[in-house]
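This report concerns only the one structure given below.
Heavy-atom basis, side chains included; hydrogens, waters and symmetry copies ignored.
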Amino acid sequence: MAQVSLRNVCKIFPGNALVVDKVNLGIENKEFMVLVGPSGCGKSTTLRMIAGLEEITSGDIYIGDQLVNDVPAKDRNIAMVFQNYALYPHMTVFENMSFGLRLRRIPKKEILERVTEAAEILGIKRLLNRRPKELSGGERQRVAVGRAIVRKPMVFLFDEPLSNLDAKMRVQMRTEIHKLHLKLQTTIIYVTHDQVEAMTMGNRIAVMKDGLIQQVADPITVYDHPKNKFVAGFIGSPPMNFMRGALIKKEGRVYFDEGKIMVKIVDEMRLKLEPYLGKEVFFGIRSEDIYDKLFVTQAPPENVINARCEVYEPMGPEVYLYLNTGKHSFIARVGAHDQTEVNQNMDLVLDMSKAHFFDPDTEETIC
């Protein structure tokens with residue numbers, strides 16, 4: 001079994017720089033776990049500690065049932081795919097893929113079988129006699145993945161493997177790695193700063209910030225029920241819109257008052273928000289939950305706001321509208337049929353059943 005368990009794992013670099021802070025994380029056998037977060041959040045350092053390439057400062061790491069704190073990287077039965085491919089330029093694809101097996105003195109017949117099988121899985125069998133300089137970026141990445149596959153490890157580790165590829169190739173390789181996981185049925189831990197990769201690839205995602213894990217859950221749960229304002233703003237493209245304003249009570253109803261706009265709170269959220277009446281909170285709403293009133297029938301008047309369009313950004317099947325209330329800027333994602341013009345004022349409908357509210361001090365989710 002290839003479970004991986006991190007228990008109170010810390011990493012402090014020289015100068016007392018705390019990079020990873022008491023990380024507790026369990027990765028199940030055959031799970032695809034994604035560590036996602038901004039640059040410098042500690043995700044790659046965490047991966048390198050699992051691999052044995054970085055010494056931990058404190059805590060314990062288990063692979064399967066074995067404590068591996070003091071086990072050398074070569075004996076951990078893991079395989080790592082790096083961001084820069086790390087291929088030997090003077091070797092052919094076959095030699096690159098078989099190099100680790102030759103070091104372990106695997107019989108030549110078995111090496112040939114393993115490399116051929118991996119090459120067939122990845123669609124690079126025709127490239128086995130080429131050298132890395134003769135390959136495209138996507139082909140080099142497949143070779144790097146193939147080199148990991150032939151080792152038949154308990155755990156695959158991927159450290160931002162797609163960041164050097166162009167946009168089209170990244171989409172293609174995302175699909176290939178996902179299909180590879182389904183085929184091999186092994187444990188994968190994948191590090192990325194790209195939240196789209198995290199959402200589309202992982203069974204679960206662990207969102208990190210400043211060396212701390214903010215939330216661990218399946219992608220849809222993280223998207224729909226973020227634990228705090230950071231997670232809400234980091235996961236999603238475009239990011240969630242935020243406004244700061246007060247909660248007020250008027251004629252027996254509760255409203256969010258931004259200063260320029262005021263919208264009614266749905267009854268399901270009132271109970272959790274009542275302790276914040278008369279106080280400021282962060283209000284969040286995703287771009288797809290904002291609609292042009294012209295295309296909405298029976299829009300509740302208390303959920304309609306007016307804003308000026310500053311930028312009109314066509315994206316093909318949809319349009320991003322960059323809007324301003326006079327106090328806050330936000331983005332609406334509407335259908336391509338919307339013909340709003342720049343500097344035009346427009347009425348928008350907010351789906352308040354999809355709204356999020358965050359504590360102004362802790363930034364934790366209220367509801």
Side-chain angles (χ1 to χ4, degrees), residues 2 30 32 34 44 47-48 50-54 63 71-194 197 200-201:
K30 301 181 182 180
F32 197 129
V34 179
S44 288
L47 195 75
R48 290 175 64 84
I50 296 170
L53 302 176
E54 197 74 61
I63 298 177
V71 176
K74 65 183 180 64
D75 298 326
R76 293 194 181 191
N77 198 13
I78 56 93
M80 190 160 179
V81 179
F82 296 91
Q83 177 180 347
N84 61 358
Y85 319 134
L87 302 177
Y88 297 107
H90 62 287
M91 294 184 182
T92 65
V93 168
F94 182 91
E95 291 167 339
N96 267 283
M97 290 176 65
S98 63
F99 183 71
L101 301 180
R102 286 185 279 128
L103 285 180
R104 292 161 60 190
R105 301 187 183 281
I106 302 294
K108 288 184 179 181
K109 183 180 178 182
E110 186 177 346
I111 290 176
L112 179 61
E113 290 173 353
R114 288 198 193 185
V115 172
T116 301
E117 181 186 12
E120 286 178 347
I121 290 172
L122 294 165
I124 56 173
K125 193 174 179 181
R126 61 186 174 80
L127 306 176
L128 289 176
N129 292 320
R130 296 188 190 179
R131 285 183 167 78
K133 68 179 181 180
E134 301 169 31
L135 307 177
S136 68
E139 289 169 341
R140 291 179 193 177
Q141 192 57 271
R142 282 187 172 88
V143 175
V145 173
R147 184 176 54 191
I149 290 175
V150 297
R151 294 184 55 189
K152 297 186 176 178
M154 291 177 65
V155 182
F156 285 95
L157 307 178
F158 288 82
D159 189 9
E160 305 206 37
L162 309 185
S163 58
N164 290 335
L165 303 179
D166 61 51
K168 182 179 179 181
M169 185 56 67
R170 280 203 303 271
V171 173
Q172 184 178 338
M173 284 302 298
R174 279 207 314 258
T175 304
E176 293 299 325
I177 292 173
H178 186 66
K179 289 194 295 186
L180 184 66
H181 176 246
L182 295 175
K183 186 176 183 69
L184 298 179
Q185 288 293 295
T186 190
T187 306
I188 292 179
I189 306 174
Y190 187 103
V191 160
T192 182
H193 64 273
D194 186 334
E197 282 183 29
T200 55
M201 298 176 75

Keeping the roles fixed (side chain from [X], backbone from [Y]), state whether a donor-acceptor pair exists under 3.5 Å.
X      : Y      : value
Arg147 : Ala86  : yes
Thr92  : Arg130 : no
Ser98  : Ile111 : no
Asn96  : Met91  : yes
His181 : Thr186 : yes
Arg140 : Pro132 : yes
Arg76  : Val71  : yes
Arg151 : Ile78  : yes

Using only heavy-atom distances, determine whether the side chains of [X] and [Y] contain a donor-acceptor pair under 3.5 Å.
X      : Y      : result
Asp159 : Ser44  : yes
Thr200 : Arg174 : yes
Glu160 : Thr192 : no

Does [X] reach the side chain of [Y], with side-chain heavy atoms less than 4.5 Å apart?
X      : Y      : answer
Phe158 : Val145 : yes
Met169 : Asp166 : yes
Val93  : Leu135 : yes
Lys152 : Asn77  : no
Glu54  : Leu47  : no
Glu110 : Leu101 : no
Ile189 : Ile50  : yes
Pro161 : Gln141 : yes

- Determine, step by step, whether Glu95 and His90 satisfy the side-chain contact (heavy atoms from CB on, under 4.5 Å) criterion, reporting the C-alpha distance in whole Å, the side-chain angles of both residues, the deciding distance to 0.1 Å, and the verdict. CA-CA 9 Å; Glu95 291 167 339; His90 62 287; over 6 Å; no
Kindly compute the distance separating [atom1] ([X]) from [atom2] ([Y]), expressed to the nearest 0.5 Å.
X      : Y      : atom1 : atom2 : result
Leu182 : Ile177 : CG    : CD1   : 12.5 Å
Leu122 : Leu127 : CG    : CG    : 10.5 Å
Lys183 : Glu176 : NZ    : CD    : 11.5 Å
Ile124 : Arg142 : CD1   : CZ    : 8.0 Å
Glu197 : His178 : CD    : NE2   : 13.5 Å
Lys74  : Leu103 : NZ    : CG    : 11.0 Å

I need the minimum non-hydrogen distance between [X] and [Y], along with the two atoms involved.
X      : Y      : value
Ile149 : Ala118 : CG2-CB, 3.9 Å
Glu134 : Glu139 : O-OE1, 4.4 Å
Ala119 : Leu128 : CB-CD2, 4.0 Å
Ile63  : Met154 : CG2-CE, 4.2 Å
Ser163 : His193 : CB-CE1, 4.4 Å
Ala73  : Ala51  : CB-O, 3.2 Å

- Message: Test side-chain contact (heavy atoms from CB on, under 4.5 Å) on Arg102 and Lys108; report intermediate values, then the result.
- Response: CA-CA 8 Å; Arg102 286 185 279 128; Lys108 288 184 179 181; over 6 Å; no
- Message: In terms of relative ring orientation, are Phe32 and Tyr190 parallel, tilted or perpendicular, with 30° and 60° separating the classes?
- Response: tilted
- Message: Counting only heavy atoms not in Arg105 (residues, nucleotides, ligands), do more than 12 fall under 6.0 Å from its CZ?
- Response: no
